[in-house]
Student: 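If you scroll down you'll find the structure; I have some questions about it.
One is the number of the first residue; the rest follow in order along the sequence. Each ligand, and each atom within it, is numbered from 1 in the order the structure gives.
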Amino acid sequence: MSETAYTNLIGAHGLVWAGGWSPEEARYSIESTKRAGYDLIEILFMNPRGVDAALTRRLLDEYEVQASASLGLSLDTDVSSEDEERVKAGEAVLADALHVAEKVGLVYLGGVLFGALSKYAQPVTERGRANSIGAVRRFCDAAADSGITIGLEIVNRYESNLLNTARQAVEYVREVDRPNLVIHLDTYHMNIEEVDNYAAVLECGDLLGYVHIGESHRGYLGSGSVDFAGLFRGLGAIDYSGPITFESFSSKVVMPELSHTLAIWRDLWDDSMDLATQARSFIDAQLRAVASQRHH
Ligand code: MN
């Protein structure tokens, strides 16, 4: 089969490499992403003001690596809250992230931007959901001015009380109704919430704009219980052409603001390069398998 069996950008999540984004960590992460055979790195914008945009741009150019960025809001900056102060605080964080994304020259910014990345003790209220939709709509409009696509990452029930499934995501995104808003699915979360990975991808269809490939325990791909074949067959069926980013976490590489929220307590791996090169081959094999069925 030819080298052009697929055209998706294949990405690696920043926490495969380093817990922060100091100049040394940024260079190491971008250089390693390239060396492991990836096209793109997903940079963590949990603290967007801590990202040196000019340096990041220079390093991406030096290594010819593309980038996306992601963040999750907190309960203090929850745009799905009924508390207008929290909504305002959340919109300020999103504006900061957008500003840095523009300075780096990114075209994609995503994550749990519609509410807090947190376990909630109660369901979302009608007013909270309306606040979330309003905030995301304003954010999309601001991002559209700089040609940036906004992605909403659909996460499991322990990390959001608002969007846990593809079906909820489609309904929500249709309500927001902005052309630069896409759905971001993640196999780790789908493995908990979806009935069928293939059906979930088809349900999103053209609204799907970003994909995270993660294992059920967030470690090595293929060593857990995720139905990757169903997911990749779905991507083939909708001719998905967007990025596919490998995401994995271990207590070996920690960013407290994110790792603790995601309950990363165990040491699933300790060799980032071995993990990443294995995942790169795994994704390649899945995409080639799907492509091989197109003409038979
Ligand atoms: Mn994810």
Student: Assess, by modelled atom type and distance only, whether the side chains of S216 and Y188 contain a donor and an acceptor separated by less than 3.5 Å.
Tutor: no
Student: A quick test of your reading: do over 12 heavy atoms of other residues, nucleotides or ligands sit less than 6.0 Å from NE2 of H99?
Tutor: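 For H99, atom NE2 is not crowded (no more than 12 foreign heavy atoms under 6.0 Å).
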Student: With carbon and hydrogen excluded and only N/O/S kept, which atom of D186 is nearest the Mn ion (ligand 1)?
Tutor: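 Closest to the Mn ion (ligand 1) among those atoms: OD2.
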Student: So, of the N/O/S atoms that H212 has, which is the nearest one to the Mn ion (ligand 1)?
Tutor: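 The atom in question is ND1.
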Student: Please state whether the separation between the Mn ion (ligand 1) and some N/O/S atom of H184 is under 2.8 Å?
Tutor: no
Student: Quick check, are the ring centers of H212 and F246 under 6.0 angstrom apart?
Tutor: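 No, ring centres 6.0 Å or more apart.
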Student: For D78 and Y120, what are the C-alpha separation, side-chain angles and deciding distance, and is it a side chain to side chain donor-acceptor pair (under 3.5 Å)?
Tutor: CA-CA 11 Å; D78 182 0; Y120 284 81; 2.8 Å; yes
Student: How wide is the angle at the Mn ion (ligand 1) between OE1 of E247 and OE2 of E153, to the nearest 10°?
Tutor: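 It comes to 170°.
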